[in-house]
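Below: the structure, in structure tokens.
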Amino acid sequence: MMWAVSTPKLSRLLSKKRACALRLITWNINSVRLRLDLVAHLVKETAPDVLCLQETKVIDDLFPSAALAEMGFTHQHFYGIKGYNGVAILSKRPFTATKRLDWVGRTDGRHIAVELKLKNKPAIEVHNIYVPAGGDEPNPETNEKFAHKLAFLTELTRWFGDKKNHTQPLVLVGDLNIAPLQTDVWSHKQLLKVVSHTPIEIDHLEALRQTANFVDAVRHIIPVEEQLYSWWSYRSRDWKTNNRGRRLDHVWVTPQLSENIHAAQILSDARDWIRPSDHVPVIVDLKE
DNA sequence: ATGGTTGAGAATCAA
């Protein structure tokens, strides 16, 4: 087994998982087959109960189910298309339900959900979402990809809005491809017209958040004053020195779960792993 | 203002 990484201090840096906690990780992995060894490393170091991946980039027939089951994820729900996108929810705990959701008339592997039981709580529904990146130009009139991104968020907002009267606790994670806060980007001013940090996207994301009064679990733990990123472009000579990151990956929970948020961390070390994804894992522990 | 890199999978497309 080739361990791609040796960061011996990693486990020491991680806050310890409580015995009675559900550890949830979201990670845009940018090809699950190419980075199976990194998944194994992550799992060994952090022991997540539920691992949500985006950009698996593999059709279901070729999904590496057996290897992931060997890592302890005997419960798996995934949906991938050829070449790009693709989402997976890997779990050590059984699901009580699974579903796939499709938006803007496409079946393009961007949203799946599972239901699972927490101790002493009603079953929670975990949504794993990969929001379209949106292309380069932040104008829906001229850029079809940006129009798609906004339409995707609008449809999600309508759907979660319709669920509003339900009392089921929800967790929404994924690569939302939007960095909402000023401290979620390396330069608020320089990114105001850059897709991922434009006001119109942030408004759309905020509308989605408000449908179920979702709480940003990471910012619930880490103060908004603190610069925080989960993605650094491959197109940077030295990501660490330039540190031109953005926080595109999120974990949200509905209010009845917010008091259960025990810890949250962004594993920026992972950006230095061998052949890294451009995104790093985001970890949230929920007390049970 | 521009260019810079990576992955899938076979010429570009997506990010």
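Quick note on labels: first sequence line is chain A, next is B, and so on, each numbered from 1.
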How far, in whole Å, is [M] from [N] if one measures between their [atom1] atoms?
N	M	atom1	answer
dA8(B)	dG4(B)	P	22 Å
dG7(B)	dA11(B)	C1'	14 Å
dA14(B)	dA10(B)	C1'	15 Å
dA15(B)	dG3(B)	C1'	15 Å
dT5(B)	dG9(B)	P	23 Å

Quiz item: Side chains of N177(A) and S196(A): is there a donor and an acceptor less than 3.5 Å apart?
Solution: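 Result is no, nothing qualifies.
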
Take the protein atom [atom1] of [X] and the nucleotide atom [atom2] of [N], then report the distance between them rounded to whole Å.
X	N	atom1	atom2	answer
Q54(A)	dA8(B)	CD	P	16 Å
N242(A)	dG3(B)	CG	C1'	13 Å
D238(A)	dG4(B)	CG	C1'	14 Å
Q190(A)	dT2(B)	CD	C1'	14 Å
W231(A)	dT6(B)	CH2	P	13 Å
L38(A)	dT6(B)	CG	C1'	14 Å
I274(A)	dG7(B)	CD1	P	13 Å

Exercise. May I ask you to decide if the ring planes of W232(A) and Y229(A) are parallel, tilted or perpendicular, using 30° and 60° as cut-offs?
Key: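 Ring orientation, 0 to 90° scale: perpendicular.
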
Exercise. Fit a plane to each ring of F214(A) and F160(A), take the angle between them on a 0 to 90° scale, and name the class: parallel (under 30°), tilted (30 to 60°) or perpendicular (over 60°).
Key: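 Rings of F214(A) and F160(A): perpendicular, as their planes differ by over 60°.
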
Quiz item: Do L24(A) and I112(A) belong to the same hydrophobic cluster, where Ile, Leu, Val, Met, Phe, Trp and Tyr are linked whenever their side-chain heavy atoms lie under 4.5 Å apart, directly or via other members?
Solution: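 Looking at the clustering, I112(A) is in the same group as L24(A).
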
Quiz prompt | is_close_aromatic(H127(A), W159(A)), centroid dist under 6.0 Å | solution =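 Ring centroids of H127(A) and W159(A) are less than 6.0 Å from each other.
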
Practice problem: For R244(A), report the nucleic acid contact type (base, sugar-phosphate, nothing); a contact means any heavy atom under 4.0 Å. | Solution: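 No contact.
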
Quiz item: With sugar-phosphate meaning primed atoms plus P, OP1 and OP2, does R275(A) contact a base, only sugar-phosphate, or nothing at under 4.0 Å between heavy atoms?
Solution: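 Contact class for R275(A): sugar-phosphate only.
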
Self-check item: Residue pairs passing the salt bridge (Lys or Arg N to Asp or Glu O under 4.0 Å) test where at least one lies in residues 171-187 of chain A, sequence neighbours excluded
Solution: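 Pairs touching residues 171-187 of chain A that pass the test: D184(A)-R219(A), D184(A)-R247(A).
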
Practice problem: Take L42(A) and L51(A), measure what side chain to side chain contact (heavy atoms under 4.5 Å, CB included) needs, and give me the verdict at the end. | Solution: CA-CA 10 Å; L42(A) 174 74; L51(A) 175 59; 4.1 Å; yes

Self-check item: Sugar-phosphate or base contact per nucleotide [nucleotides 9-15 of chain B; S, B, -; heavy atom under 4.0 Å]
Solution: SS---SB

